[in-house]
Number of protein chains: 2
Amino acid sequence: MGVQTDLREKLISDYAKLSPQMQKAARYILDHPSDVALRSMRALARAADVPPSTITRLMSAIGVETWQEFRDHYQNRLLDQPASYAQRARETQRTENDANRDEHLLESICRTEIDNISAAFSPELVSRMIEACEAIEDARQVFIVGRGAAYPAACQFAYAYRLFCDNGVLVDGHSGTFGDELRGIGRRDLLIAVGAKPYIRDTVRAVEFARSQHCPVIALTDSDVSPIAMDALCKLVVRDTSQSFFQSFTAALSVMQALVALLVARGGPKALQRIAAAEEQLAVFDTYLED
Amino acid sequence: MGVQTDLREKLISDYAKLSPQMQKAARYILDHPSDVALRSMRALARAADVPPSTITRLMSAIGVETWQEFRDHYQNRLLDQPASYAQRARETQRTENDANRDEHLLESICRTEIDNISAAFSPELVSRMIEACEAIEDARQVFIVGRGAAYPAACQFAYAYRLFCDNGVLVDGHSGTFGDELRGIGRRDLLIAVGAKPYIRDTVRAVEFARSQHCPVIALTDSDVSPIAMDALCKLVVRDTSQSFFQSFTAALSVMQALVALLVARGGPKALQRIAAAEEQLAVFDTYLED
DNA sequence: ATAAAGCTGAAACAAGTGTTTCAAAATTTG
DNA sequence: CAAATTTTGAAACACTTGTTTCAGCTTTAT
């Protein structure tokens, strides 16, 4: 059962009880952990100046079934994934009885969602989000497009953005065709396009049109080579890994919300003031339930 | 120019000139860089759903002699950039000047979002989600309501749900008033209501109306005592903690997506069949961009 | 010293690796 | 429409992989 003992610690504590050759191997592993993750067992054995069989013996000595298991552990450490994702996935597949199947699925979804979010706030993405903010702040008008499953994320941003800026336009095709809504788009404007595979034709067309009018594009999508990301000023590539048939737009939504938060933070008191005004207006329309 | 050309950039810039299969491979590599460093070429090919030869061909297409060379490049990248999330968090906390203020904010948003998601998949919520699924499966019609900031989450569910069930209705007020859309709601139906503080009057009214018609309610909201959750058959209470002025709907969206995944999983092959049919229909309408 | 216990490394193994080849299929061209 | 060209994936390849086996080599205890 999954007592997630750290194999490195195990290696250290058992070190004294190992045979000389195994100690040699163990020592090399302790000194060169990344070799375990990246090189083959034989290559490691060569580097440690030890026959391959010694490594195998070392494995069983520290209570590890197979080299694969050991390597997986080190690979996950390198990726900074606290729990062995692959291993857990296998575990989940094993217990396939009907009673716990649903719980397993949800647990696995949870892990995936967290992974997706973590990846979305990687240092690289963070700096790209800051770039995106700068572009948004400089834009005359901000168009937001997202169809199908990506619509909610686009919608979320548009809704929040409009509470403190009045230059946001959600291109949703509700009011006639796309062409109408994008009319007049130009180099001083900005298009935020959201979409993952399968790419919806309308979204790609909107991006292409914007580009043809020299309007810069911020792409929130699933790949660097997504058609939406082509020639984009700023590519916000997020994971949409999911257990189900549908892609997950959780990370996309999260990034959208983060952009809003960032814009407000950078906007200072002026932004907050505008939000207050917007809220007041909504209150006038009796939108909210008073407590 | 530098021998140290970034192979990733090369892959992106040459992407358009590659053959379809190579694009498939290139795309997988771009989306899963750590697979290059950690897994074997054949394993990667399998994951990318491409024959091994395609990878070899891709190598020569981008001017790389051998897979080894390519892999080494990615391994070095992985080692150079140990920017583990936790580590980075500690680093950033040290420097507290204005330049890093944005990074800090995003960092903190990330943590909060992960917390929100984790809480949403707690054992208690998991079992409630399973209850919710059972209710949805038994319902004659499934109405989904969510206004304002909660609209995207409602929308997301409605979109996905409609791909495999035809008894879902998104109550969004687009087609006239709420009253119209909820007409005929009754004890055999189900209302899924989404909303957090500040509660929007329309949503609460919809819940009250449903209740008056003896229609059970599933509430996706921020508190057990939220007006939306009153007398609900099933309360899915998620956190919406956020660094910004706006609540975060990430957890709500995630739960919605999880519900969909669960419904599909429980629906078995029949559900998948329906999805296939829906996809086909979308293809007929030329919705998607072909690859 | 000598038998018992273990440790060690060469060799053998089945399975998996990266690469090349080649004929069929798909696409483009004339 | 057919011919020329490109693209594709299965098969074959030589080699490496992780593991097991086994005979020789310590070491140790009597």
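A, B, ... follow the sequence lines: proteins, then strands. Residue 1 opens every chain.
Pairs engaging residues 30-63 of chain B under the ring pair (Phe, Tyr, Trp, His ring centres under 6.0 Å) rule: Tyr28(B)-His32(B) [sequence neighbours left out].
By the ring pair (Phe, Tyr, Trp, His ring centres under 6.0 Å) test, Phe246(A) is found to be paired with no residue, residues two or more places apart in sequence or in another chain being considered. Residues meeting the salt bridge (Lys or Arg N to Asp or Glu O under 4.0 Å) test with Arg27(B), sequence neighbours left out: Asp222(A), Asp31(B). Partners of Arg187(A) under the salt bridge (Lys or Arg N to Asp or Glu O under 4.0 Å) rule, at least two apart in sequence or in another chain, do not exist in this structure. For the side-chain hydrogen bond (donor to acceptor under 3.5 Å, both in side chains) test, residues two or more places apart in sequence or in another chain that qualify with Asp49(A) are Lys24(A). Partners of Phe70(B) by ring pair (Phe, Tyr, Trp, His ring centres under 6.0 Å), not counting sequence neighbours, listed by chain and number: Trp67(B), Tyr74(B). For the salt bridge (Lys or Arg N to Asp or Glu O under 4.0 Å) test, no residue two or more places apart in sequence or in another chain qualifies with Arg46(B). Checked against ring pair (Phe, Tyr, Trp, His ring centres under 6.0 Å), Tyr15(B) has no partners two or more places apart in sequence or in another chain.
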Quick one: which protein N/O atoms are closer than 3.5 Å to N/O atoms of nucleotides 25-27 of chain D? Pair and distance per line, please.
none

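Counting heavy atoms from C-beta outward, Leu105(A) and Ile109(A) have side chains that approach closer than 4.5 Å.
Summarising the geometry, the separation between CD on Glu65(A) and P on dG18(D) is reported as 17 Å, rounded to the nearest angstrom. Distance, Glu69(A) CD to dT17(D) C1': 18 Å, rounded to whole Å. The CE-P distance, from Met59(A) to dT19(D), rounds to 9 Å in whole Å. Counting to the nearest Å, the C1' atom of dT16(D) and the CH2 atom of Trp67(B) are 16 Å from each other.
Using a 4.0 Å cut-off between charged side-chain N and carboxylate O, Arg205(A) and Asp202(A) make a salt bridge.
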Open item on the list: Run Gln75(A) and Arg71(A) through side-chain contact (heavy atoms from CB on, under 4.5 Å) and show every step you take.
Closed with: CA-CA 6 Å; Gln75(A) 291 194 340; Arg71(A) 147 180 282 203; 3.8 Å; yes

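For DNA chain C, the contact window with chain B, defined by any atom under 4.0 Å from a protein heavy atom, covers dT17(C) to dT20(C) in 5' to 3' order.
Scanning all heavy atoms of the two residues, the minimum distance from Phe157(B) to Leu259(B) falls at CE1-CB, 4.0 Å.
Here Gln21(B) reaches the OP1 or OP2 of dG9(D): one of its side-chain N or O atoms lies under 4.0 Å away.
A side-chain donor from one of Ser248(A) and Glu113(A) sits under 3.5 Å from a side-chain acceptor of the other.
Of the residues in residues 48-58 of chain B, those with a non-hydrogen atom less than 4.0 angstrom from any atom of DNA chain D are Pro51(B), Ser53(B), Arg57(B). Contact check of residues 34-45 of chain A against DNA chain D (heavy atom, cut-off under 4.0 Å) returns Ser40(A), Met41(A), Arg42(A).
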